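Everything numeric in this text was worked out from a predicted model, so none of it was measured. Residue numbers run from 1 in the order of the sequence given.
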Amino acid sequence: MNETTVTSEALVTARPHRRIVAWVTSRSWYKAVADVSAMLIQQVTSTGLAGITSILTARGLGPQGLGLVGLAQAVTGMTSTLSSLGLNQTAIRYTSREFAAGRTDAGMAVLRWALRQRLAIVLLISGIAFQCAPLLANNLWHKPELTNLIRIALPLSIIATLAFVPDVYFQSLRKFHVNAMVRIGESTVSLLGIVALWVFALWTPSAVVIVSTLAAGVGALLFLSLVPRAAMFSRSEFSLFRLRRPMDLLRYPHELFTQEGGLEIETPGAFATQLFFSSLLVMITLRLDYILLGIYRPASDVGLYTIGTQLAMPLTFLTGAVNASLFPRVSAARSPRELRLLAKQAVQMSALACVGAVVYSLFAPQLAPVILGERYRSSVILGHILCLRGCLSLLACPLAVVGYGLGLARAYVFINLLQLVLVASIDVFYIPAHGPIAPALALVINDLVGLLGLVILIWRLRTRLCETVAPEMFAPK
């Protein structure tokens, strides 16, 4: 976002209103908006293609077959999710730093290290899932036919690991338009596989799982061709594949490169570990609503809550796009000066986006009974509350990403743990009596606590951002 020194100096010394005008009319503004737009279009398009795929599958298999496929793919989805927690963002962070410093070979080495890490984890988890497939099918879900489906679907996890290489590579280079095309292309290939089943009327659960796996494999191999070979393997690292020292495969490839006076950052292993626990806590927190609603309330309440979450989905997409665009930029910042300028610009962009989000939050939920019927009028208030939560997430997003640049990843683990305890307590005590309104309010409180924690942490570290950039602004008058 801070492309030129002249623009950065102007943004620091100008008055606040002129600073905003100067930034909006600068090249960095257009670049930032273009990147966010590319990621937003990708998320919306991929979701739409996935929706068409789900509709075709549901009509072809029926509820029973669709349920079996869903359970089998839930296992592979969990396997893929557990193998990626923390590692994707770790790879983007350190690859971006190396690329920004002009150390392309070092950046490629980071990508290969992250790929080896993910492959090792996904192979271990997939092996455990393969052995536990009969236990899951017979004892947990009481559906013996699931055993073979789970085992057939497990290669999807490995293919998803290969597909992450183009994601990390293009995001680290900030080529978000290319990354968007790759993700949309992968969703298109998956849809074409299901369309082939529709054309030839080969609707069985095993056929859907096999075709989905093959389509994902074709998509991964097709778009891996866009990535340099050095991002996946190098002849110089063949010596790592030795049985005597297997841990060399998982060790970070070189010392961190930091310029004199640069920001202090965690080691990749420490950052990945902290991000793993933080992501795991967030994942559990965000899934408690459906789990506890299913336990304590009738299915109709779950349906109303689902409509509320879908009304807030555009804000979730927008927050994800801002986060994806900002993270590589923060990762590439090598000094407190760069980070402060980037933080100010990110907060300004997020605040402008939040204005549109507030307008959406006021009007969009009112359309629920118009589109879906009077049965869904109760979802209007849920939509308003969850959209409010989306606005808070949009405000907190730039602060959270900048906090990673300040070395706050460890503190985030404790904030996320506090959020989990609060949300779980509210859900357990209030869902039985108050229904879906309780988890919606719990998520608002969750984001308020997170935003407050971010403000406090960053305020305590403000000297690392402010005094390094413009000490004259903080001198006593």
Side-chain angles (χ1 to χ4, degrees), residues 43-44 46-48 50-51 54-55 57-58 63 66-67 70-71 73-74 77-78 81 279-320 354 357-397 416 418-451:
Q43 291 188 53
V44 172
S46 296
T47 302
S54 299
I55 292 171
T57 305
L66 183 63
L71 289 173
Q73 292 183 343
M78 186 59 68
T81 299
S279 302
L280 185 62
L281 291 169
V282 170
M283 183 179 71
I284 295 172
T285 301
L286 297 182
R287 295 190 178 185
L288 278 176
D289 45 9
Y290 278 99
I291 293 172
L292 295 175
L293 276 173
I295 293 174
Y296 292 114
R297 304 294 297 187
S300 58
D301 282 353
V302 181
L304 291 172
Y305 187 79
T306 300
I307 296 301
T309 58
Q310 289 175 352
L311 289 168
M313 193 65 70
L315 302 186
T316 304
F317 287 156
L318 181 58
T319 303
C354 196
V358 169
V359 174
Y360 174 88
S361 302
L362 291 175
F363 297 102
Q366 297 293 333
L367 298 176
V370 177
I371 298 173
L372 302 173
E374 285 298 319
R375 294 180 300 170
Y376 291 94
R377 180 162 294 278
S378 298
S379 64
V380 171
I381 185 63
L382 296 174
H384 284 304
I385 294 173
L386 291 170
C387 283
L388 171 62
R389 183 246 171 175
C391 295
L392 292 173
S393 297
L394 194 57
L395 286 175
C397 172
N416 296 144
L418 173 61
Q419 290 173 306
L420 173 59
V421 172
L422 284 174
V423 170
S425 301
I426 294 171
D427 286 352
V428 168
F429 287 108
Y430 291 99
I431 282 180
H434 300 281
I437 200 79
L441 290 173
L443 289 179
V444 173
I445 294 172
N446 172 76
D447 280 63
L448 281 173
V449 170
L451 182 59

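For the pair Leu443/Leu286, a side-chain contact is recorded, criterion being any heavy-atom separation below 4.5 Å from C-beta on. Contact check for Ile307 versus Leu382: no side-chain heavy atoms found under the 4.5 Å cut-off. With a 4.5 Å cut-off on side-chain heavy atoms, Pro439 and Leu292 do not count as touching. In this structure, Leu311 and Leu367 have side chains that are not in contact, with every pair of non-hydrogen atoms separated by 4.5 Å or more. You'll find the side chain of His384 reaches within 4.5 Å of the side chain of Val380, heavy atoms only. Looking only at side-chain heavy atoms (C-beta outward), Thr285 and Asn416 stay at 4.5 Å or farther from each other. When side chains are defined from C-beta on, Leu441 counts as touching Ile385, because their heavy atoms get closer than 4.5 Å.
In this structure, the separation between CG on Leu420 and CE on Met283 is 11.0 Å, given to the nearest 0.5 Å. Rounding to the nearest 0.5 Å gives a distance of 3.5 Å between CG of Asp289 and OH of Tyr305. Summarising the geometry, atom CG belonging to Leu392 is positioned 10.0 Å from atom CG belonging to Asn446; distances are rounded to the nearest 0.5 Å.
Residue pairs meeting the side-chain hydrogen bond (donor to acceptor under 3.5 Å, both in side chains) criterion with at least one member in residues 424-445: none, sequence neighbours excluded. Annotation: salt bridge (charged side-chain N to carboxylate O under 4.0 Å, His left out) contacts involving residues 295-305, sequence neighbours excluded, comprise Arg297-Asp301.
Tyr360 and Pro314 get closest at one heavy-atom pair: OH-CG, 3.3 Å. Residue Cys387 comes nearest to Pro365 through the heavy atom pair SG-CG, 4.1 Å, listed as atom of the first residue, atom of the second, then distance. In terms of heavy-atom proximity, Ser379 sits nearest to Ala368 at OG-CB, 3.7 Å.
When each of Leu304, Leu386, Ile437 is tested with Ile381 by the rule side-chain contact (heavy atoms from CB on, under 4.5 Å), just one qualifies, namely Ile437.
Phe429 CZ: 12 or fewer foreign heavy atoms inside a 6.0 Å radius.
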side-chain contact (heavy atoms from CB on, under 4.5 Å) assessment of Leu315 paired with Leu394 | CA-CA 8 Å; Leu315 302 186; Leu394 194 57; 5.8 Å; no

